[in-house]
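This report concerns only the one structure given below.
Just so it is clear, the structure is predicted and the values come from calculations on it, not from any experiment. When a ligand or atom number is given, it counts from 1 through the structure's own listing order.
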Amino acid sequence: MVNLITPALFKKYRTAEQFANAGTAELEAMIHSSGFFRNKAKSIKAASRIIADEYGGKVPATMEELLILPGVARKTANVVLGVAFGKAEGIVVDTHVQRLSRRLDFSKEERPDKIEDDLMKLFPRNKWILLAHLLIHHGRAKCSALRPKCAQCPIEDLCYAEDKTV
Ligand code: SF4
């Protein structure tokens, strides 16, 4: 959904300053279909204000600075650092990475920060960015939450998850 929303959004608002000055109702309408649109609009405007005023309109490139921005926690900061800056400071743990880490026995933890710690110990740093992309892609394509497509899974022989469907 985010990928569907962003082309029009980035066409309309081209700088952090423009996002910070966006009309709240207009911004909310543009991101409505992504859910939690009121909170998101508030965070986008507040984060953009900081980026415009304190970072000259450029998104900061460190974990410490990103975590200060409204609406940004470790998952988002890891996405920005990895995808935009090619920096592996940590590993993105979203709902797919969380589920697959348990199914593939990478971690027995529930909390994303603990799962991230386990993954960082298990995998070399130069694989951290790719690992999250692979797990998210596999989670979307095959290893869904309710009914994983295990018969079509290329790593089925390596997996002994309790909720396998074959
Ligand atoms: S075998 Fe099934 S549960 Fe295991 S990784 Fe593949 S799709 Fe997921």
Side-chain angles (χ1 to χ4, degrees), residues 1-11 19 27-44 47 51 59-166:
M1 191 49 74
V2 169
N3 291 340
L4 289 176
I5 289 170
T6 44
L9 200 62
F10 291 142
K11 203 169 168 195
F19 270 108
L27 185 57
E28 284 178 356
M30 290 194 79
I31 63 171
H32 186 272
S33 48
S34 71
F36 303 108
F37 62 95
R38 288 212 167 86
N39 277 343
K40 284 180 184 165
K42 208 168 148 191
S43 295
I44 288 170
I51 292 169
V59 175
T62 69
M63 178 65 80
E64 201 183 20
E65 291 169 307
L66 286 168
L67 289 179
I68 291 168
L69 300 176
V72 177
R74 218 178 140 85
K75 180 184 77 175
T76 300
N78 273 326
V79 172
V80 172
L81 289 170
V83 177
F85 298 109
K87 287 168 83 172
E89 294 289 319
I91 298 176
V92 175
V93 179
D94 73 346
T95 179
H96 298 292
V97 176
Q98 213 168 341
R99 181 176 72 258
L100 268 70
S101 293
R102 282 200 300 274
R103 279 185 175 156
L104 294 170
D105 217 11
F106 295 155
S107 177
K108 298 199 184 312
E109 301 287 350
E110 296 286 334
R111 282 177 33 195
D113 57 328
K114 298 271 187 193
I115 294 173
E116 187 181 356
D117 284 345
D118 284 346
L119 293 175
M120 285 162 74
K121 282 181 207 136
L122 269 178
F123 292 88
R125 196 175 191 130
N126 65 356
K127 303 286 185 210
W128 288 358
I129 298 172
L130 180 63
L131 174 72
H133 284 299
L134 288 173
L135 290 175
I136 292 167
H137 180 75
H138 187 55
R140 286 180 182 152
K142 306 283 180 210
C143 195
S144 54
L146 291 181
R147 196 162 170 76
K149 299 182 181 96
C150 303
Q152 304 165 19
C153 177
I155 54 168
E156 189 274 324
D157 59 328
L158 300 172
C159 174
Y160 48 93
E162 283 175 2
D163 53 351
K164 265 172 81 169
T165 54
V166 287

For L27 against A41, the heavy-atom pair lying closest together: CD2-O, 3.9 Å

Is there an N/O/S atom in C153 at a distance below 2.8 Å from atom 6 (Fe) of ligand 1? yes

Contact between ligand 1 and H138 is defined here as a heavy atom of the residue under 4.0 Å from a ligand atom; is it met? yes

Salt bridge present between R102 and E110 (N-O < 4.0 angstrom): yes

Nearest protein heavy-atom contact for atom 2 (Fe) of ligand 1: which residue, which atom, what distance? C150 SG, 2.3 Å

Would you mind running through ligand 1 and noting each atom that sits below 4.0 Å from a heavy atom of C143? 3 (S), 5 (S), 7 (S), 8 (Fe)

Counting backbone and side chain alike, does C159 bring an N/O/S atom below 2.8 Å of atom 2 (Fe) of ligand 1? no

In a check of side-chain contact (heavy atoms from CB on, under 4.5 Å) between F37 and each of M30, H32, K42, which one passes? H32

State whether the number of non-hydrogen atoms from other residues, nucleotides or ligands found under 6.0 Å of R38 atom CZ is greater than 12. no

Any sub-3.5 Å donor-acceptor pair from K142's side-chain atoms to P148's backbone N or O? no

Judged by heavy atoms only, the candidate from R103, R147, Q152 nearest atom 3 (S) of ligand 1 is R103

